[in-house]
Q: 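Here it is, the structure in full.
What's counted below: heavy atoms across the whole structure, side chains too, no hydrogens, waters or symmetry copies. What you are looking at is a predicted structure, and each value in this text was computed from that prediction instead of being measured.
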Amino acid sequence: MRFLRWCSVLFFLLPLLVSGQQLQLNTRTFEYQNELLKVKKLYQDQDGFIWLGTAQGLFRFDGLKPEPYRLASKKPLPSVSALFQDKQKQLWIGCDNGKIYRLVNNQLQAFSPEEGTPKEAILDIEEDAKGNIWFATYGEGIYVWIKNRLYNLNTDDGLPDDYIYSLARDAYGQIWAGTDRGIAVCNFSTDKKAIRKIGAAQGLSDNIVTALAPCPARKTIWAGTYSGGFCRIDAATLKISNFPASQNWQEGGVKALLPTGSSCIIGTHGRGLWKFDPTEPERLISLNNDAASTSLRITDLITDAEGTMWVAGNAPEVLTAFPNLRFLETAKGVKPTGVQAVLTGRNGNIWFSTEEGLFCARKQLQGLKVEPAFMEQPFRKFKIISLYEDVHGLLWIGTFGGGLFLADPVSKKVRQFTEKDGLINDNVLSIAGTKEEVWLATLGGASRCRIQPENKALNTPLNFENFNQRDGIGFNYIYQVFIDSKKQVWFATDGKGLIKLQNGRFTRFTEKNGLISRTVYSVAETKDGSLWVSAPKAGIFKFNGTVFKNFGLKEGLRDPDISSLATDKFGNLLILHKKGMDVLEPATGRISYLGEERGLKMKDPNLNTVSRDAAGPVWFGAEKGLAAYQPEKAELPVSPQMRLTSVQLFLKPLGQNAQPLAYDENHITFEYAGLWYQAPADVSYRLKLEGYDREWILSNNRSITYPKLPPGKYTFKVSASATGNFSNAPVQTYTFTIEKPFWNTMWFYLASLAGAGSLLFGFIKSREKRLKKAERLEKDKVMFQFETLKNQVNPHFLFNSFNTLIGIIEDDQEAAVEYVEKLSDFFRDILVYREKDTITVREELVLIQNYYFLQQKRYGSNLKLEVKVPDSVQELRIAPLTLQLLVENAIKHNVVSRSKPLMVEIGAEAENYLAVRNNLQPKKQAERSTGIGLANIRNRYAILGKRPVVINQNDILFEVKVPLFYPE
């Protein structure tokens, strides 16, 4: 029976035996005019935009959609085969037909030197240290653009071959060219050509060199070949380093190389992606996660500024992945179970436990081989929740309910220790130690075990020294025990805060020290000697030896409910929670993120599911199983790259250094983009026009328009965030000035004052005459006020109507035609009634129904209007456009959305009043208002000498009653 049970478990776990480290490859498709773009080349420019070289031409990608770039004739570029941006921020584009183009001031221009352009495909473009531009052609050698002249290098000049696949620049000013007959290392000026060749005689495994890529410092060059794999070459000595992993190469032609730190990612023609690290010269790690990626014919590889790798190939999709994050996955058909504990052994093997038991991931030449460990041992019936390796290489296995198991990985023998053997409690939550001692945290206190040389033998007894709350440890429930660099022992307790043991004395830290939670989950120490602890739903705390400082959502954490803490090889603090992993740089407080946007999903991570490998990777449990995070020294951005893409005056581009604008040049539009390719939908913006806006405006839109700005000096500011925290987000600014009109200047005031003085004498003489006309002027004044108030209606309504029309044009051009027709009818009626003091209610209701039609085009079913006016009332009189102003006022000041529709009702009231009422749901941020809406209506009726307007408001309703008049 035992044999059958063992076989059944082994059958279930058999897929684990062939597991390897895999990237989380995500797919992106790019579409333009309902056609999928076939991306061949990728490039990120200095502003952070991704450029797509496709069979359909050139496109710029900002994270949301590709934007086509056309020639002046509106025609697309030919199929793009090379992209490069020079030091002057000019984008060079090479095409399959040999044509070359430049992007200058955001306009495409054909590159047309006097010497002509190549007739063969441009496969690569590079710039040397002097600013000369090099073009690799497939059949015509190399062209070099030097001081406005185009020179050619070919086999007559010493090139080994005229078919050039790739170019690279080294740290010494040399340009490397990969050809069909080896590598050419070129130095070239107008009066000197120097070419050195590297081929099979110098150690190349294959003369057809299809890919070149410099290391970050450019002192070494990676080279990929058609059939001989890859190698690395010293740029100074030209010495070639061949590696065992590249011998007997069977993975197809190398089409792209992507150096990442000391290692290199290799893109092949038909065999997908691979990773090679020279520190392990015999290992070649596959990064493919399915048959589609394995068979991918890769054409280009890049890493963007956020650390994400982009892969272009023969598939309709572009693949993206975060190379620093890999997963140890089971084969298809096997559901991965939750990881409960992780331990990186000193020999490089990874131990981890799941609900199925204990496993060991052993290093292989092409990844890791995962095996079940200690299959027949008794601890398999318990949940393994903590792991530790002592100085003798013995494995300490902490269980829930089964006490401690000591296992020898060599002999496969196991020994159990429980409360009967002196252990303080059989629930071992955490294990930590040094060469001299091992500590165990349990639900009944802590146990210490001294390690002696004789403890190397498994049958040697262990002596436990126990501590509980009576001994000063504070509380029996201890989540974690941690030993810092000073060999101080720390205990994270459930209810008594953090406890320190030093020189046999216990010290407790709680609220008095700034630790606002008495429950502590985990403890870690960074390179600067700072101690960090986590508490449930309270974030993390940094301890400086006296007090704790809290870090929460305001400081940039994505989730305050932390499960565990660890550190990487650079001293950064790794913070694990349900949303992924936050990486905190203690010196700067910068926080970067690993989450679903990187392909990382977490599911209730446990306390002991993170462990750092001596080689650098940090292993931890994720939803898909075991994951490895390889930190890099390069600093990744923690917020979107903010770019101000366009400033427009009356929708026409305005230069970056705009001259002072005239008083009537006051309709300014700003377009901007927060580049965050890993999660573009999460980006939100905070913007403000200083000199106009009093507060910051939060928005998800990528543009804003300021119409009719008054004269003054303004500075537009905008920043972007993917988390809603703008505290450290970079700000883009644009400053401009709108000048005053000439009649509002000092010289005009002085001239006017002089003219007024000359008129003063005449004014005094005419005083008597003016007094006689006082009565007539008073009447004129009343009529003037009335006409002024009437005229205020039209501009107010025009402003809102045109804004609505703009919105409809952007959404649906066909609907816009119908809208314009209705709008035309509406204005025609207004022209009829504008000269009248009053109109019938029936005529006013026709106007409001037309207005409702226009507004419903904008808001749809989110806006509803109900009219309950009997025929007997419709022949009474009302001031023109009164109802339109009231409905417009309701829309302006209330939320109109699917979840909160706006209901407007018009009905007759007693004493010949007409009521307009709406449900009250004010906007969180009130819109800018001229303030003449209701005041206008009140004043109009006051001037008419009729009954007053009545306004009622409560928590749920807003109502305005206007009097009706009988025909005179």
Q: Report yes if some heavy atom in the side chain of Tyr165 is under 4.5 Å from a heavy atom in the side chain of Val209; otherwise report no.
A: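 Answer no - side chains too far apart.
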Q: Which atom pair, heavy atoms only, marks the closest approach of Gln678 to Tyr593?
A: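 In terms of heavy atoms, the two residues are closest at OE1-O, 4.5 Å.
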Q: Locate the shortest heavy-atom distance separating Leu42 from Ile302; write the atom from each residue and the value.
A: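 In this case the closest contact between Leu42 and Ile302 is O-CG2, 3.4 Å.
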Q: Heavy atoms only: give me the nearest Asp128-Arg169 pair and the separation to one decimal.
A: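 Heavy-atom minimum between the residues: CA-CD, 3.6 Å.
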Q: For Arg686 and Ser699, what are the C-alpha separation, side-chain angles and deciding distance, and is it a side chain to side chain donor-acceptor pair (under 3.5 Å)?
A: CA-CA 6 Å; Arg686 185 178 69 161; Ser699 173; over 6 Å; no
Q: Would you call Leu284 and Ile266 a side-chain contact if the rule is heavy atoms closer than 4.5 Å?
A: yes
Q: Lys40: what forms a salt bridge (charged side-chain N to carboxylate O under 4.0 Å, His left out) with it, not counting sequence neighbours?
A: Asp96
Q: Of all heavy-atom pairs between Ile93 and Leu83, which one has the smallest distance, and what is that distance?
A: CG1-CD2, 3.9 Å
Q: Quick one, Pro68 and Tyr32 - any side-chain contact, counting heavy atoms below 4.5 Å?
A: yes
Q: Can you tell me how far apart CG (Asn701) and CD (Glu671) are? Round to the nearest 0.5 Å.
A: 11.5 Å
Q: To the closest 0.5 Å, what do you measure between NZ (Lys275) and SG (Cys264)?
A: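 SG of Cys264 is found 10.0 Å from NZ of Lys275.
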Q: Please determine if Arg558 and Glu597 form a salt bridge, counting it only when a charged side-chain N lies under 4.0 Å from a carboxylate O.
A: yes
Q: Going through the distances and angles, do Thr210 and Ile208 end up as a side chain to side chain contact (heavy atoms under 4.5 Å, CB included)?
A: CA-CA 6 Å; Thr210 51; Ile208 302 178; 4.0 Å; yes
Q: Please check if any side-chain donor atom of Ser861 sits under 3.5 Å from a side-chain acceptor atom of Arg898, or the reverse.
A: no
Q: Under the side chain to side chain contact (heavy atoms under 4.5 Å, CB included) criterion, do Trp92 and Ile133 qualify, and how do the steps go?
A: CA-CA 9 Å; Trp92 294 81; Ile133 307 299; 3.8 Å; yes
Q: To the nearest 0.5 angstrom, please state how far the CG atom of Leu58 sits from the OH atom of Tyr43.
A: 13.0 Å
Q: May I ask you to check whether Phe30 and Phe61 place their ring centers less than 6.0 Å from one another?
A: yes
Q: Evaluate salt bridge (Lys or Arg N to Asp or Glu O under 4.0 Å) for Arg271 paired with Glu251, printing each intermediate quantity in order.
A: CA-CA 6 Å; Arg271 291 284 291 166; Glu251 310 306 336; 2.8 Å; yes
Q: Taking the side chain from Asn154 and the backbone from Gly141, do they hold a donor-acceptor pair closer than 3.5 Å?
A: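 Not confirmed, Asn154 side chain does not pair with Gly141 backbone.
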Q: Centre-to-centre under 6.0 Å for Trp145 and Phe135, is that the case here?
A: no
Q: Between Thr179 and Ile183, is there a donor-acceptor pair closer than 3.5 Å when you use the side chain of the first and the backbone of the second?
A: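 Between the backbone of Ile183 and the side chain of Thr179 there is no qualifying donor-acceptor contact (under 3.5 Å).
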Q: When you compare the side chains of Asn288 and Ser286, does any donor N or O come within less than 3.5 Å of an acceptor on the partner?
A: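 Looking only at side-chain atoms, Ser286 and Asn288 do form a donor-acceptor pair, the distance falling under 3.5 Å.
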Q: Is the backbone of Ser227 close enough, under 3.5 Å, to the side chain of Asp206 for a donor and an acceptor to pair up by distance?
A: yes
Q: Show the nearest heavy-atom pair for residues Phe726 and Ser719, with the distance to one decimal.
A: CD2-OG, 3.6 Å
Q: Are Gln56 and Glu35 close enough, and set up right, to give a side chain to side chain donor-acceptor pair (under 3.5 Å), and what steps lead you there?
A: CA-CA 9 Å; Gln56 297 95 325; Glu35 180 183 5; 3.2 Å; yes
Q: Verify the neighbour count for atom NZ of Lys87: are there more than 12 heavy atoms of other residues, nucleotides or ligands below 6.0 Å?
A: yes
Q: How long is the straight-line distance from CE of Met581 back to OH of Tyr629, given to the nearest 0.5 Å?
A: 7.5 Å
Q: Applying side chain to side chain donor-acceptor pair (under 3.5 Å) to Gln648 and Ser646, what does each step give before you reach the verdict?
A: CA-CA 6 Å; Gln648 301 172 10; Ser646 174; 3.2 Å; yes
Q: Please tell me whether Phe276 and Phe230 form a close aromatic pair, meaning their ring centres lie under 6.0 Å apart.
A: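 Distance test on ring centres: under 6.0 Å, yes.
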Q: Going through the checks in order, is the side chain to side chain donor-acceptor pair (under 3.5 Å) test met by Glu140 and Tyr143?
A: CA-CA 8 Å; Glu140 295 183 37; Tyr143 283 83; 2.7 Å; yes
Q: Going by salt bridge (charged side-chain N to carboxylate O under 4.0 Å, His left out), name the residues that satisfy it together with Asp300, two or more places apart in sequence or in a different chain.
A: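 Partners of Asp300 by the salt bridge (charged side-chain N to carboxylate O under 4.0 Å, His left out) criterion, ordered by chain and then number, come out as Lys41.
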Q: Okay, side chain of Gln630, backbone of Leu325: is any donor-acceptor separation there less than 3.5 Å?
A: no
Q: Under 6.0 Å between ring centres, would you say that holds for Tyr101 and Phe111?
A: no
Q: Identify the heavy atoms of Asn700 and Ser684 that sit nearest to each other, and give their distance.
A: OD1-CB, 3.4 Å
Q: Evaluate the criterion side chain to side chain contact (heavy atoms under 4.5 Å, CB included) for residue pair Ile298 and Leu273; output intermediate values, then yes/no.
A: CA-CA 8 Å; Ile298 293 171; Leu273 288 169; 3.5 Å; yes
Q: Measuring from atom CD of Glu623 to atom CZ of Phe327, what distance do you get when rounded to the nearest 0.5 angstrom?
A: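 Atom-to-atom, Glu623:CD and Phe327:CZ are 10.0 Å apart.
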Q: Can you confirm if the aromatic rings of Tyr69 and Phe59 lie within a centre distance of less than 6.0 Å?
A: no
Q: Strictly by salt bridge (Lys or Arg N to Asp or Glu O under 4.0 Å), give each pair with a member in residues 101-118 just once, sequence neighbours left out.
A: Glu115-Arg149
Q: Hey, could you give me the CD1/OG1 distance between Ile142 and Thr137, rounded to the nearest 0.5 Å?
A: 8.0 Å
Q: Show your working on side chain to side chain contact (heavy atoms under 4.5 Å, CB included) between Leu257 and Leu212 and close with a plain yes or no.
A: CA-CA 7 Å; Leu257 297 166; Leu212 294 171; 5.9 Å; no
Q: What I'd like to find out is whether the side chain of Asp162 reaches to under 4.5 Å of the side chain of Ile164, using heavy atoms alone.
A: no
Q: So Tyr163 and Tyr138, would you call those rings parallel, tilted or perpendicular, with 30° and 60° as cut-offs?
A: perpendicular
Q: Identify whether the distance between the nearest side-chain nitrogen and carboxylate oxygen of Asp62 and Arg702 falls below 4.0 Å.
A: yes
Q: Sub-3.5 Å donor-acceptor pair from the side chain of Arg643 to the main-chain atoms of Asp47, do we have one?
A: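 The answer is yes, because a donor-acceptor pair under 3.5 Å joins these two groups.
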Q: Answer yes or no: does atom OH of Tyr226 have more than 12 heavy-atom neighbours from other residues, nucleotides or ligands under 6.0 Å?
A: no
Q: I'd like to know whether the aromatic ring centres of Tyr734 and Phe716 sit less than 6.0 Å apart in this structure.
A: no
